[in-house]
Amino acid sequence: MNKTLVVYSSLTGNTKAVGEKIFEIIEGEKNIISIDDVKNINIDEFNRVIVGFWVDKGSADKKTKGFIKSLSNKEIGYFGTLGADPESKHGNDVRERVSKLCSEKNTLIGGFLCRGKIDPKLVEKMGKFPLNLIHPLTPERLQRIEDAKSHPNEKDFQEAQNYFKNIL
Ligand SMILES: Cc1cc2nc3c(=O)[nH]c(=O)nc-3n(C[C@H](O)[C@H](O)[C@H](O)COP(=O)(O)O)c2cc1C
């Protein structure tokens with residue numbers, strides 16, 4: 001059996017878009033669904049799961065963490081989108097946390113991160129109490145938000161496809 005499921009968790013569409021691009025290059029039997037529909041699928045039919053998340057507080061979002069924890073004996077690959085630079089310490093911390101989670105009961109085959117624009121509603125909230133105390137809009141943070149605005153872009157899609165072509 002060689003059957004691949006792509007599951008994405010996405011609030012504003014960045015992660016969904018990356019997942020759809022990765023799905024295009026997967027060979028063999030495959031399916032793609034939102035994490036909200038995962039309860040409607042028989043997971044036993046798939047030996048390989050590619051899970052996509054948006055980064056929340058330095059790790060995979062809560063729904064994705066719950067989903068990964070529910071899996072066992074699968075080959076798992078992951079992709080994630082985040083506001084920060086994937087090559088920053090923050091990006092590496094995300095990789096480390098998610099890789100560890102994926103490896104607990106499953107075989108991790110690889111993970112890919114790219115930037116994703118930050119919801120303007122969140123940025124607005126960061127400017128106001130109480131988030132302005134936790135995430136003050138410093139010039140550095142404003143720059144990071146600005147840098148993320150154009151992502152994911154065609155280059156990110158291409159890199160995601162190349163990454164998964166190589167590991168699958
Ligand atoms: C509540 C919230 C928390 C976030 N936390 C982080 C974070 O810790 N680090 C980061 O780099 N980006 C963070 N982001 C940015 C998102 O991970 C990023 O914009 C992502 O691409 C959104 O993906 P989506 O469009 O699939 O929902 C956060 C966004 C939200 C809404």
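The structure presented is a predicted model; accordingly, all values stated were derived computationally and were not measured. Keep in mind that the numbers below use all heavy atoms, side chains included, and drop hydrogens, waters and symmetry copies. When a ligand or atom number is given, it counts from 1 through the structure's own listing order.
Considering both main-chain and side-chain atoms, T81 comes within under 3.5 Å of ligand 1 through a nitrogen or oxygen pair. Taking only nitrogen or oxygen atoms, main chain and side chain alike, K117 reaches within less than 3.5 Å of ligand 1. Residue-to-ligand polar distances keep S9 apart from ligand 1: every N/O pair is separated by 3.5 Å or more.
Checked for salt-bridge contact, R95 and E87 meet the test: a charged N lies under 4.0 Å from a carboxylate O. Remark: D156 does not engage K21 in a salt bridge, criterion side-chain N to carboxylate O under 4.0 Å. Note on K121 versus E124: no salt bridge recorded, every NZ/NE/NH1/NH2 to OD/OE distance being 4.0 Å or above. Look at K100 and E96 and you find no salt bridge, because none of the NZ, NE, NH1 or NH2 atoms lies under 4.0 Å from a carboxylate O. For E140 and R144, the salt-bridge test fails: no basic side-chain N is under 4.0 Å from an acidic carboxylate O. Between D61 and K65, none of the side-chain N atoms (NZ, or NE/NH1/NH2) sits under 4.0 Å from a carboxylate O, so this pair counts as no salt bridge.
Atoms of ligand 1 lying under 4.0 Å from any heavy atom of L11, numbered from 1 in the order shown and given with element: 24 (P), 26 (O), 27 (O). Within ligand 1, the atoms closer than 4.0 Å to a non-hydrogen atom of H90 are 7 (C), 8 (O), 9 (N), 10 (C), 11 (O), numbered from 1 in the order shown. The distance from ligand 1 to the heavy atoms of L122 drops below 4.0 Å at these ligand atoms: 2 (C), 29 (C), 30 (C), 31 (C). Ligand-side atoms of ligand 1 in range of G83: 10 (C), 11 (O), 12 (N), 15 (C), 18 (C), range being under 4.0 angstrom from any heavy atom.
For the residues V94, V123, V55, the heavy atom positioned nearest atom 4 (C) of ligand 1 is part of V55.
Atom 18 (C) of ligand 1 has its closest protein heavy atom at G116 O, 3.7 Å. Counting protein heavy atoms only, atom 2 (C) of ligand 1 is closest to W54 CZ3, 3.5 Å. For atom 11 (O) of ligand 1, the nearest protein heavy atom (residue, atom name, distance) is A84 N, 3.0 Å.
Residue D56 touches ligand 1 through backbone and side chain together, judged by heavy-atom distances below 4.0 Å.
Shortest non-hydrogen contact noted between N132 and F129 is OD1-CA, 3.1 Å.
Other residues, nucleotides and ligands contribute more than 12 heavy atoms inside 6.0 Å of the NZ atom of K105.
Ligand 1 has no atom lying under 4.0 Å from any heavy atom of D119.
The shortest distance between side-chain heavy atoms of V6 and E20 does not fall below 4.5 Å.
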